[in-house]
Novice: 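For reference, the structure I am asking about is given below.
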Amino acid sequence: MGYLRKVIGVKSDTIKLGLEKAPHRSLFRAIGLSDEEIKRPLIGIVNSHNDIVPGHINLDKIGEAVKAGVRVAGGTPLEFQTIAVCDGIAMNHLGMKYSLGSRELIADSVEIMATAHAFDGLVFIPNCDKVVPGMLMAAARLNIPAIFVSGGPMLAGRSGDKGLTLTQVFEGVGAAAAGKMTPEELARLEESACPTCGSCAGMFTANSMNCLTEALGMGLPGNGSIPAVYSERIRLAKTAGMKIMTLVEKDIKPGDILTEAAFSNAMRLDMAIGCSTNSVLHLMAIAHEAGVFIDLNLFNEISASTPNLCRLSPAGHHHMEDLYQAGGIQAMFSELDKKGLIDKEALTVTGTVVGDNIKDAAVRNYDVIRSIDQPYSPSGGLAMLFGNLAPEGAVVKKSAVAEEMMRHTGPARVFDSEEQAVAAILNQKIVPGDVIVIRYEGPKGGPGMREMLTPTSAIAGMGLDKEVALITDGRFSGATRGASIGHVSPEAASGGLIGLIEEGDLIEIDIPGCRLQLLVDDGIIEKRSSLWREPEPRIKKGYMKRYAQLVQSASTGAIFKE
């Protein structure tokens, strides 16, 4: 009651106050709320907990901790769920077509629930790949006080003194197919690679997005790196529950936080830490909802002046728990600030600015987070490539590319689906020097822009990652390593040049020069283009049919048409 008096015109008043709201109050009583609870600010707890996703099975505990924090600070927490797809389980079958599309459904469902029930604030509890950006999109769209607390990363598996992640299991499939690993060795990998709940232990998409949520200012310090099984994660969730009440009281909204400065900081971190290539799609989509324009070229501009300080699996041998012990995202920011690369005036959900958050932060292990004066490379971990094959851009995680493949020209091996390519790889029909082309896997053509972890892992497992490149209008898991170039735009299904490549055409890849070029005469390309016809949709009913009709190019962040 006392807290409510501090809040002028809380949003939930529209469903609580006045004679005409007697039916609403009656329904609140039906869910067991007391008069005191009804009078307090109503805080929506947006939880993606379920029993099938390893990164989400602990979110019930996170949710209870958040609710405890909200109650301590004088609010009434009311929880509801969203869907969540495990990309690892959805990989290399029909289910992966639905993963990216789940991002829009998550954003839309949160918008519906939050608007219909007039919450005063929202605490978002995501963890895995499309859930984090989907919820961030919703937060930006709704623009009511909001804070994020994820479920945290998985601990790495162990084989002797070697750390393991899901990457090694996927690559083990290729190694076993090539006779380089026995079925028994693969089985031991399978049993030991994923030892705890949490988002998979490398700098894959889930952990990339949780770290970027912290960098954007929408998650408290520690949100990106505290392991899922640590009690500190529970304490962080309680703090988030308390902090949302401060944000409601001060009327600090996502629109105040998700500014150009916040996205600049996030892109700096993206480059310094070498996030998943999916981060490009998601940052652009979130920025669109926040009314901030990001051009793909900006990623290259920021990359050019941002040293790559950290290489976690699959780019290196460290894991998320090592980043946590080294000081986490705030330590990364502190190191970047030594060269003035961070906007310290950007507001965050702490209620204060980045500069205040990092004033006591420091790198605790320079083996994990390198000094800004001794980086892995003077430029960032991602690169946007352009050229006649990708006039609207393509993306590669260059920090995970072997030096031998930074520049490569080779003959195209063309496949119109992931399945065709995987069959050729596992049957050892790919040879050193080849450039594998997987097309008609874009946002529209897939539909759903499938991740290609199976073919890239098979290539690596066979020992070809330093000799073979792969380009696609689909995308890659953050667990992918090697010369794997995704998001080629325009996609094949929209008439992009990738759809006109023929077997044996030479493709030139120049990652340092940010170029991707089909070395075929313009006249031949023009003749092929005149014969091209748009293919039949691969999914002809249900949500993904509608998705294919609405989705735009990967170069926009694969957002829907207005």
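All values reported here derive from a predicted model rather than from experimental measurement.
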Novice: Is the distance between the ring centroids of Tyr98 and Tyr543 under 6.0 Å?
Specialist: no
Novice: So do the side chains of Arg475 and Leu100 get within less than 4.5 Å of each other, counting heavy atoms only?
Specialist: yes
Novice: May I ask you to decide whether Arg40 forms a salt bridge with Glu37, counting only side-chain N to carboxylate O separations under 4.0 Å?
Specialist: no
Novice: Is any NZ, NE, NH1 or NH2 atom of the basic residue among Arg268 and Asp343 found under 4.0 Å from an Asp or Glu carboxylate oxygen of the other?
Specialist: no
Novice: Can you name the nearest heavy-atom pair linking Phe28 to Leu42, along with the distance?
Specialist: CZ-CD1, 3.7 Å
Novice: Using a 4.5 Å cut-off on heavy atoms from C-beta on, say whether the side chain of Ser48 contacts that of Leu59.
Specialist: yes
Novice: With heavy-atom distances below 4.5 Å as the criterion, would you say the side chains of Leu216 and Leu258 are in contact?
Specialist: yes
Novice: Find out whether Glu562 and Gln552 are in side-chain contact, i.e. whether some heavy atom of one side chain is under 4.5 Å from a heavy atom of the other.
Specialist: no
Novice: Looking only at heavy atoms, which two atoms of Pro153 and Ser225 are closest? And how far apart?
Specialist: CG-O, 3.7 Å
Novice: If the threshold is 4.0 Å, N to carboxylate O, is there a salt bridge linking Asp256 and Lys250?
Specialist: no
Novice: Heavy atoms, side chains only, cut-off 4.5 Å: are Pro54 and Cys86 in contact?
Specialist: yes
Novice: May I ask you to test the Thr76-Val70 pair for a side-chain heavy-atom distance under 4.5 Å?
Specialist: no
Novice: Determine whether Leu236 and Ile226 make a side-chain contact, defined as any pair of heavy atoms from C-beta on separated by less than 4.5 Å.
Specialist: yes
Novice: Would you find more than 12 non-hydrogen atoms of other residues, nucleotides or ligands less than 6.0 Å from Lys21 atom NZ?
Specialist: yes
Novice: Test Asn47 against every option in Glu79, Lys67, Glu64 by the side-chain hydrogen bond (donor to acceptor under 3.5 Å, both in side chains) rule and name the one that passes.
Specialist: Glu79
Novice: Identify the residue among Asn357, Thr246, Thr239, Asp356 that makes a side-chain hydrogen bond (donor to acceptor under 3.5 Å, both in side chains) with Thr350.
Specialist: Asn357
Novice: With sequence neighbours excluded, what pairs up with Phe263 under the ring-ring contact (aromatic ring centres under 6.0 Å, His included) test?
Specialist: none
Novice: Any non-hydrogen side-chain atom of Glu260 less than 4.5 Å from a side-chain atom of Phe293?
Specialist: no
Novice: Set out, in order, the CA-CA distance, both residues' side-chain angles and the distance that settles side chain to side chain donor-acceptor pair (under 3.5 Å) for Lys444 and Ser553, then state yes or no.
Specialist: CA-CA 8 Å; Lys444 175 183 175 182; Ser553 168; over 6 Å; no
Novice: Looking at Ile52, I'd like to know if its CD1 atom is crowded, meaning that more than 12 non-hydrogen atoms belonging to other residues, nucleotides or ligands lie closer than 6.0 Å.
Specialist: no
Novice: Do other residues, nucleotides or ligands put more than 12 heavy atoms under 6.0 Å from Lys238 NZ?
Specialist: no
Novice: What is the distance from atom CD1 of Ile62 to atom CD1 of Ile45, rounded to the nearest 0.5 Å?
Specialist: 12.0 Å
